[in-house]
Amino acid sequence: METVTMKELSREVNSMNVVEDSPKSLNIYQRMQAVQSELKTVAKNLNVSVSKTSSYKAVSEVDILNAIKPLEEKHGIYSYPYSREIIESSQLTQHTQYGDKLSFYMRIATTYRFVNVDDPSEYIETITFADGIDTGDKSTGKAMTYADKYALMKAYKISTGDDPDQNPSEEYSKESKNSKNDEVALNQWTLEWSSMRRKMEAIGIDYRSDATATWLKKHFGIVSQDASTDLQKMINLVNAYKALIQEHEKKYGQK
């Protein structure tokens, strides 16, 4: 009769456990958790110019991808933008002493998918929204890059060393702070402008009609309803839209 020692038995049991805990047996949640546990803080190495004299720091897509790609390969995850939807697309006109300057604005929704490479039928999806504004043809690319970058950052809980809702870096000058705040505010008012137009259409107000144009000019002195890079003009236009909607709802009892 062959005798099995405790040491040999322990080795056999451990070998069985290795098989059960094989990386290929992990589900997508376990794999993503493994990536999260190995990721470290990603520094803000990208300088973004706001004007000729000011800029701010941001984390770049390259830094995010360089941190994530090796770990996704190690833990058997493939991630990619599964689908995109254009939420809003428009032109912004800035009137200057040298003539009109056009910028192109786009807002997109991106569904980003994380797939278990050993079982492609198993995946996780996250949806991110992003805006892009550019004077050339880069508004779409900017929006896609921003959406993809933040899908990865939020899915893997990547820290950049600070919180964007906290106070900005001391390296910002007063001018760069104001420029950045104006840019953020313009984006917000542009989104509000788009939202007001959709609401008007939903309750039966045609913002393209002569009647609407006449009302806006009479009560608010507004001649153009086009989106603009002039922050104050966008604020005035949104407030005028809100007043028109309120008058319509009061007249027809709609909410």
Side-chain angles (χ1 to χ4, degrees), residues 32 35-36 39 41-51 54-69 72 77-94 102-115 123-166 168-169 172 176-177 179-199 227-229 231 234 238:
M32 292 188 70
V35 172
Q36 287 179 25
L39 276 171
T41 297
V42 179
K44 291 185 173 183
N45 295 320
L46 179 65
N47 287 318
V48 181
S49 296
V50 177
S51 67
S54 63
S55 64
Y56 65 94
K57 287 188 175 181
V59 61
S60 71
E61 183 188 32
V62 172
D63 290 332
I64 294 294
L65 292 177
N66 286 343
I68 290 175
K69 285 171 66 177
E72 284 193 330
I77 300 172
Y78 180 73
S79 62
Y80 67 103
Y82 175 73
S83 66
R84 301 191 195 275
E85 178 186 357
I86 297 176
I87 304 300
E88 182 72 25
S89 178
S90 60
Q91 292 184 4
L92 309 179
T93 304
Q94 181 181 16
L102 283 178
S103 293
F104 300 92
Y105 163 78
M106 181 170 289
R107 189 180 202 215
I108 65 171
T110 296
T111 300
Y112 213 86
R113 180 173 288 187
F114 301 82
V115 183
Y123 56 83
I124 294 174
E125 291 182 342
T126 184
I127 299 176
T128 55
F129 297 86
D131 302 324
I133 298 178
D134 192 75
T135 55
D137 58 356
K138 298 179 181 179
S139 61
T140 304
K142 286 182 176 180
M144 290 192 297
T145 297
Y146 193 89
D148 294 353
K149 180 174 68 174
Y150 276 89
L152 292 168
M153 289 179 65
K154 298 306 179 183
Y156 288 118
K157 301 177 182 177
I158 296 175
S159 171
T160 59
D162 63 5
D163 190 328
D165 293 329
Q166 296 291 332
S169 169
Y172 287 172
S176 65
K177 290 179 183 179
S179 297
K180 181 58 180 175
N181 289 339
D182 286 348
E183 181 183 356
V184 172
L186 180 60
N187 288 344
Q188 293 173 339
W189 282 98
T190 301
L191 292 176
E192 185 73 4
W193 165 82
S194 176
S195 176
M196 289 298 101
R197 284 192 164 195
R198 289 196 296 270
K199 183 171 183 179
S228 171
T229 54
L231 178 58
M234 290 302 293
V238 168

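Values reported hereafter were calculated over all heavy atoms of this structure, with side chains retained and with hydrogens, waters and symmetry mates removed.
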[X] to [Y] - nearest heavy-atom pair and separation:
X	Y	result
Ala130	Ala143	CB-O, 3.3 Å
Ala227	Met234	CA-SD, 3.7 Å
Ser60	Lys149	C-CD, 4.0 Å
Gln36	Ala155	NE2-O, 3.2 Å
Trp193	Ser90	CZ3-OG, 3.8 Å
Ala147	Thr128	O-OG1, 3.0 Å

Might you confirm whether atom OH of Tyr105 has over 12 heavy atoms from other residues, nucleotides or ligands at distances under 6.0 Å?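 Yes, the 6.0 Å shell around OH holds more than 12 heavy atoms from other groups.
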Counting only heavy atoms not in Ile86, do more than 12 sit closer than 6.0 Å to its CD1 atom?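 Incorrect, the count does not exceed 12.
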Going from [atom1] on [X] to [atom2] on [Y], what distance comes out if it is rounded to the nearest 0.5 angstrom?
X	Y	atom1	atom2	answer
Arg84	Ile108	CZ	CD1	5.0 Å
Thr145	Lys138	OG1	NZ	11.0 Å
Ser195	Arg197	OG	CZ	12.0 Å
Asp131	Arg107	CG	CZ	5.5 Å

Evaluate Glu85 against Ile127 for side chain to side chain contact (heavy atoms under 4.5 Å, CB included), listing each step before the verdict. CA-CA 11 Å; Glu85 178 186 357; Ile127 299 176; over 6 Å; no
Minimum side-chain heavy-atom gap [X]-[Y] below 4.5 Å:
X	Y	value
Leu191	Glu88	no
Met144	Pro81	no
Ile133	Thr190	no
Leu152	Tyr112	yes
Ile77	Tyr156	yes

Look at the aromatic rings of Tyr150 and Tyr146 and report parallel, tilted or perpendicular, splitting at 30° and 60°.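 Correct class here is tilted.
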Could you go through Thr126 and Lys154, starting from their C-alpha distance and side-chain angles, then the distance that decides it, and tell me whether this counts as side chain to side chain contact (heavy atoms under 4.5 Å, CB included)? CA-CA 9 Å; Thr126 184; Lys154 298 306 179 183; 5.8 Å; no
With Val62, the side-chain contact (heavy atoms from CB on, under 4.5 Å) member among Asn66, Leu65, Ile64: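 Only one of Asn66, Leu65, Ile64 forms a side-chain contact (heavy atoms from CB on, under 4.5 Å) with Val62, namely Asn66.
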Ring centroid separation Tyr80 to Tyr123 under 6.0 Å: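 No, they do not, as the ring centres are separated by 6.0 Å or more.
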Quick one: side-chain hydrogen bond (donor to acceptor under 3.5 Å, both in side chains) partners of Lys142, sequence neighbours excluded?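 Asp134.
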